[in-house]
Number of protein chains: 2
Amino acid sequence: MSAPSLSLDEFVCFAIYTANGAFNRAYKPALNAIGLTYPQYLAMVALWAKDGVTVGALGEQLFLESNTLTPLLKRLEAAGLVTRQRDAEDERQVRVHLTDEGRALRLKAASVPESIVGALGSAAAPEDIGRLRDEIARLRDALNAR
Amino acid sequence: MSAPSLSLDEFVCFAIYTANGAFNRAYKPALNAIGLTYPQYLAMVALWAKDGVTVGALGEQLFLESNTLTPLLKRLEAAGLVTRQRDAEDERQVRVHLTDEGRALRLKAASVPESIVGALGSAAAPEDIGRLRDEIARLRDALNAR
DNA sequence: TGGGATTAAATCGCACGCGATCTATTACCT
DNA sequence: AGGTAATAGATCGCGTGCGATTTAATCCCA
């Protein structure tokens, strides 16, 4: 009895793994133009929506730990987009605030998503994309709940 | 006119980004048990299906370049799972062959997918998973075609 | 109130992933 | 045949991701 021959294309995880890489590549040109990496862009999107959060709270949104976020945020700080300062109430926590430059970047980044929609539109209708997004998030949450 | 407030949850790319991380975490215990990382496991799955391929051909399946694959394959070689040797016909190419140990690992890895089906089943029916997989692959291919 | 648990970040090491570049081999073309 | 272009991998540097550990601050509770 030999093991059955599995194709990578049968794995959902592989579709997601490769789709993630494809998104990364697709975003790259637009993100290069504003000097952000893909994870940095996601962090900035979160901060544009809600500023002054702790590293932990930001990590909860991004599903990342401080061991990933701290260096990333230090780079955003070095780029002049955010500040990192200890919370006076609880000095274990570090709060991340946008600088004026960080807020200003939001306008320049406004066209970033548009650089992708064209390619997506050729593969699925907008409402299908939305449903797909929610189904994928469902899978993610089920896995994370384990 | 300020830019509209976007939530990360509205981005398909974010759902895929975080789902990829969730799969990575979900696979980790089973993969640790057989001494593979997630990308190494994907490479082995490809090799179990078709052996003796070139680095380039393997990269085409995995959507990876030699700058990622070469170090990964060297680690698999160091682990005794594959051999890497120049093609005698065309010495620019390197062919990757499974060792006996590499082939044997396939049996031990047979239970790896099962370790996550349970979690997936609680989020979607098997036929929905299959459809989802194909839709995600469609998105990926549309992005890569740009 | 004192001191051990808990918590939040930071740090370190390792494995991707990729842009840019380099090297070696083969293809091509007159 | 000879020289240039094209191709396949390898190498290097940098930015994630994450397990494991460390440091510092706060909590808790007898």
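Since the model is a prediction, treat every value here as computed from it, not as a measurement. Just so it is clear: chains get the letters A, B, ... in the order the sequence lines come, proteins before strands, and each one is counted from 1. Worth knowing before you read on, the calculation uses all heavy atoms, side chains too, and leaves out hydrogens, waters and symmetry mates.
- Following rounding to the nearest Å, A:Tyr27 (OH) and C:dC18 (P) show an atom-to-atom distance of 16 Å.
- The CZ-C1' distance, from B:Phe63 to C:dC16, rounds to 18 Å in whole Å.
- Each of D:dA25, D:dC18, C:dA10 was ranked by its minimum atom distance to the side chain of A:Asn67; first place goes to D:dC18.
- Each of A:Leu69 and B:Asn24 has a nearest nucleotide on DNA chain C; the 5'-most of these lies closest to A:Leu69.
- Applying the 4.0 Å criterion to OP1 and OP2 of C:dC16, one finds that B:Arg75 has a side-chain N or O inside that range.
- With values rounded to the nearest 0.5 angstrom, A:Thr18 atom OG1 is found 9.0 Å from B:Ile136 atom CD1.
- If you measure from atom NZ of B:Lys28 to atom P of C:dC16, you get 10 Å, rounded to the nearest angstrom.
- In this structure, the CZ atom of B:Arg92 is 16 Å from the P atom of D:dA5, given to the nearest Å.
- Not one side-chain nitrogen or oxygen of B:Thr54 sits closer than 4.0 Å to the OP1 or OP2 atom of D:dA8.
- Put simply, CG on A:Asn20 is 12 Å from C1' on C:dC16, counting in whole angstrom units.
- Taking side-chain N and O atoms only, A:Arg84 has a distance below 4.0 Å to OP1 or OP2 of C:dA10.
- Close to D:dC18, at under 4.0 Å from its OP1 or OP2, lies a side-chain N or O of B:Arg25.
- Atoms CG (B:Leu42) and C1' (C:dA15) sit 14 Å apart, rounded to a whole Å.
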Item checked: Candidate pair B:Asp141 and B:Arg138, rule salt bridge (charged side-chain N to carboxylate O under 4.0 Å, His left out), full reasoning -> CA-CA 5 Å; B:Asp141 295 339; B:Arg138 241 177 112 70; over 6 Å; no
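- For the residue pair B:Pro71 and B:Thr68, the shortest heavy atom distance occurs at CD-O, 3.3 Å.
- For the OP1/OP2 pair of D:dG17 and a distance below 4.0 Å, the side-chain nitrogens and oxygens of B:Tyr17 include at least one atom meeting the criterion.
- In this model, the phosphate group of C:dA9 is not approached by any side-chain N or O of A:Ser66 to a distance below 4.0 Å at OP1 or OP2.
- Side-chain atoms of A:Trp48 come within 3.5 Å of backbone N or O of A:Gly102 as a donor-acceptor pair.
- Remark on DNA chain D: of its neighbouring residues A:Pro71 and A:Glu91, the 5'-side contact belongs to A:Pro71, judged by nearest-heavy-atom nucleotide.
- For the pair B:Leu64 CG and C:dA15 P, the interatomic distance rounds to 17 Å; values are reported in whole Å.
- Which of D:dT26, D:dC12, C:dA9 sits closest to the side chain of A:Asp90 comes down to D:dT26.
- A:Asp51 pairs in a salt bridge (Lys or Arg N to Asp or Glu O under 4.0 Å) with only one of the listed residues (A:Arg103, A:Arg95, A:Arg106), which is A:Arg103.
- Within the structure, every side-chain polar atom (N or O) of B:Lys74 is placed at least 4.0 Å from both OP1 and OP2 of D:dA10.
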Margin query: If you apply the rule salt bridge (charged side-chain N to carboxylate O under 4.0 Å, His left out), what do you find for A:Arg84 with A:Glu77, and how did you get there?
Written below: CA-CA 7 Å; A:Arg84 298 160 53 250; A:Glu77 187 179 38; 3.0 Å; yes
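- One can place CD of B:Gln93 at 21 Å from P of C:dT23, the figure rounded to the nearest angstrom.
- Contact annotation: B:Thr37 reaches the phosphate of C:dC16 (side-chain N/O to OP1 or OP2, under 4.0 Å).
- A close approach under 4.0 Å does occur between a side-chain nitrogen or oxygen of B:Gln40 and OP1 or OP2 of C:dC16.
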